[in-house]
Amino acid sequence: MNIYDLKVKAQDGSEVSLSDYKGKVLLIVNTATGCGFTPQYDGLQDLYEKYQAQGLEILDFPCNQFANQAPGDDGEIHSFCTGRYGITFPQFSKIDVNGKNESPLFKYLKSQKGGIMGSNVKWNFTKFLVDKNGNVIDRFAPTVTPDKIESKIKECL
């Protein structure tokens, strides 16, 4: 199994195959609209604008598992993110990243990069970097801001 075998639910409810992103560098992030790290949307959008034409895709997965910091429905979350932060990268349907209802995508990502943080995602804005071949090459804690991972993204591009 690899990342391209997985399917996720788009923000509009449709099913998306991650094979649609073959050959792209992916930064996969679990997000929340009411988190202290929410301003990282600005940095994520900056990276997307700078590197999307070179093959970067940022995949945004809202998650309400941490202190109920993403309480709205998919439409409300999307409106907030586009209105307040101007995001243009793909945003998917709200998911769980841990526990019995965890997304198969995050189960896979954690199996590849448990890292020093252990296997569970500890908080919003945990980031996973996937190279053009679908290999999960790094995992970043929520405290690591998007600008701090720019050099890793450039290496993958």
Side-chain angles (χ1 to χ4, degrees), residues 1-11 16 18 21 24-52 56-72 74 76-78 80-82 84-85 87-157:
M1 181 173 129
N2 67 48
I3 198 164
Y4 301 127
D5 296 327
L6 298 168
K7 293 183 178 172
V8 294
K9 194 163 123 181
Q11 185 265 327
V16 176
L18 291 178
Y21 295 100
K24 303 278 187 176
V25 172
L26 306 177
L27 186 63
I28 301 171
V29 188
N30 70 299
T31 61
T33 53
C35 177
F37 296 119
T38 301
Q40 287 189 24
Y41 270 121
D42 281 331
L44 292 170
Q45 182 62 31
D46 289 345
L47 287 174
Y48 191 64
E49 288 173 6
K50 196 169 186 180
Y51 297 107
Q52 195 256 342
L56 173 67
E57 287 294 338
I58 295 174
L59 308 184
D60 175 4
F61 291 88
C63 176
N64 196 38
Q65 282 189 290
F66 306 103
N68 296 315
Q69 293 182 340
D74 290 341
E76 291 167 336
I77 290 169
H78 186 68
F80 172 84
C81 294
T82 55
R84 178 133 185 210
Y85 294 100
I87 69 159
T88 58
F89 47 83
Q91 188 170 56
F92 295 84
S93 188
K94 194 186 316 187
I95 60 163
D96 283 354
V97 297
N98 297 321
K100 66 179 178 138
N101 296 318
E102 77 182 334
S103 155
L105 171 60
F106 275 79
K107 183 174 186 171
Y108 177 78
L109 293 169
K110 294 184 303 185
S111 77
Q112 300 299 300
K113 285 291 174 193
I116 58 172
M117 296 171 276
S119 61
N120 274 344
V121 170
K122 301 294 187 212
W123 204 255
N124 304 308
F125 289 87
T126 297
K127 302 157 199 73
F128 291 88
L129 185 60
V130 179
D131 72 11
K132 291 179 180 183
N133 299 312
N135 301 305
V136 183
I137 60 164
D138 220 332
R139 174 178 174 163
F140 303 95
T143 54
V144 178
T145 57
D147 62 305
K148 301 290 186 210
I149 59 178
E150 183 173 3
S151 62
K152 285 267 193 183
I153 291 169
K154 284 174 26 179
E155 287 173 23
C156 291
L157 292 170

List the atom of [X], the atom of [Y], and the distance in Å for their closest heavy-atom pair.
X	Y	value
Ile77	Gly72	CD1-O, 3.4 Å
Val97	Lys110	O-NZ, 2.8 Å
Asp42	Tyr85	OD1-CD2, 3.3 Å
Leu157	Leu56	CD2-N, 3.9 Å
Val136	Lys113	O-CE, 3.2 Å
Ala32	Cys63	CB-O, 4.0 Å

Does the pair Asp138/Lys152 count as a salt bridge with the N-to-O cut at 4.0 Å?
->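 A salt bridge links Asp138 with Lys152.
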Find the distance between [atom1] ([X]) and [atom2] ([Y]) and round it off to the nearest 0.5 Å.
X	Y	atom1	atom2	result
Leu109	Glu102	CG	CD	10.0 Å
Ile58	Thr31	CD1	OG1	11.5 Å
Leu129	Glu155	CG	CD	9.0 Å
Lys154	Leu47	NZ	CG	10.5 Å
Gln69	Phe125	CD	CZ	9.5 Å
Glu150	Lys50	CD	NZ	3.5 Å

Taking the side chain as every heavy atom from C-beta outward, state whether [X] and [Y] have any atom pair closer than 4.5 Å.
X	Y	value
Val130	Gln112	no
Tyr21	Pro90	yes
Pro71	Thr33	yes
Ile137	Cys156	yes
Gln40	Lys127	yes
Phe61	Val8	yes
Phe140	Thr126	no
Leu59	Phe89	no

Any sub-3.5 Å donor-acceptor pair from [X]'s side-chain atoms to [Y]'s backbone N or O?
X	Y	result
Asp74	Phe92	no
Asn2	Tyr4	yes
Gln65	Asn98	yes

Test log, rule side chain to side chain contact (heavy atoms under 4.5 Å, CB included), inputs Asn30 and Val121 = CA-CA 9 Å; Asn30 70 299; Val121 170; 3.8 Å; yes
Any side-chain donor near an acceptor of the partner, Thr88 and Gln45, under 3.5 Å =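 Their side chains do contain a donor-acceptor pair, which is all the 3.5 Å distance test asks for.
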Verdict with supporting geometry, Ile28 and Leu105, side chain to side chain contact (heavy atoms under 4.5 Å, CB included) = CA-CA 10 Å; Ile28 301 171; Leu105 171 60; 4.1 Å; yes
How are the rings of Phe66 and Trp123 set to each other: parallel, tilted or perpendicular (split at 30° and 60°)?
->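 Tilted.
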Derivation of the side chain to side chain contact (heavy atoms under 4.5 Å, CB included) call for Phe37 and Thr143 = CA-CA 8 Å; Phe37 296 119; Thr143 54; 3.8 Å; yes
For Asp60 and Tyr41, run side chain to side chain contact (heavy atoms under 4.5 Å, CB included): C-alpha distance rounded to whole Å, both residues' side-chain angles, the deciding distance at 0.1 Å, then the answer.
-> CA-CA 10 Å; Asp60 175 4; Tyr41 270 121; 3.0 Å; yes
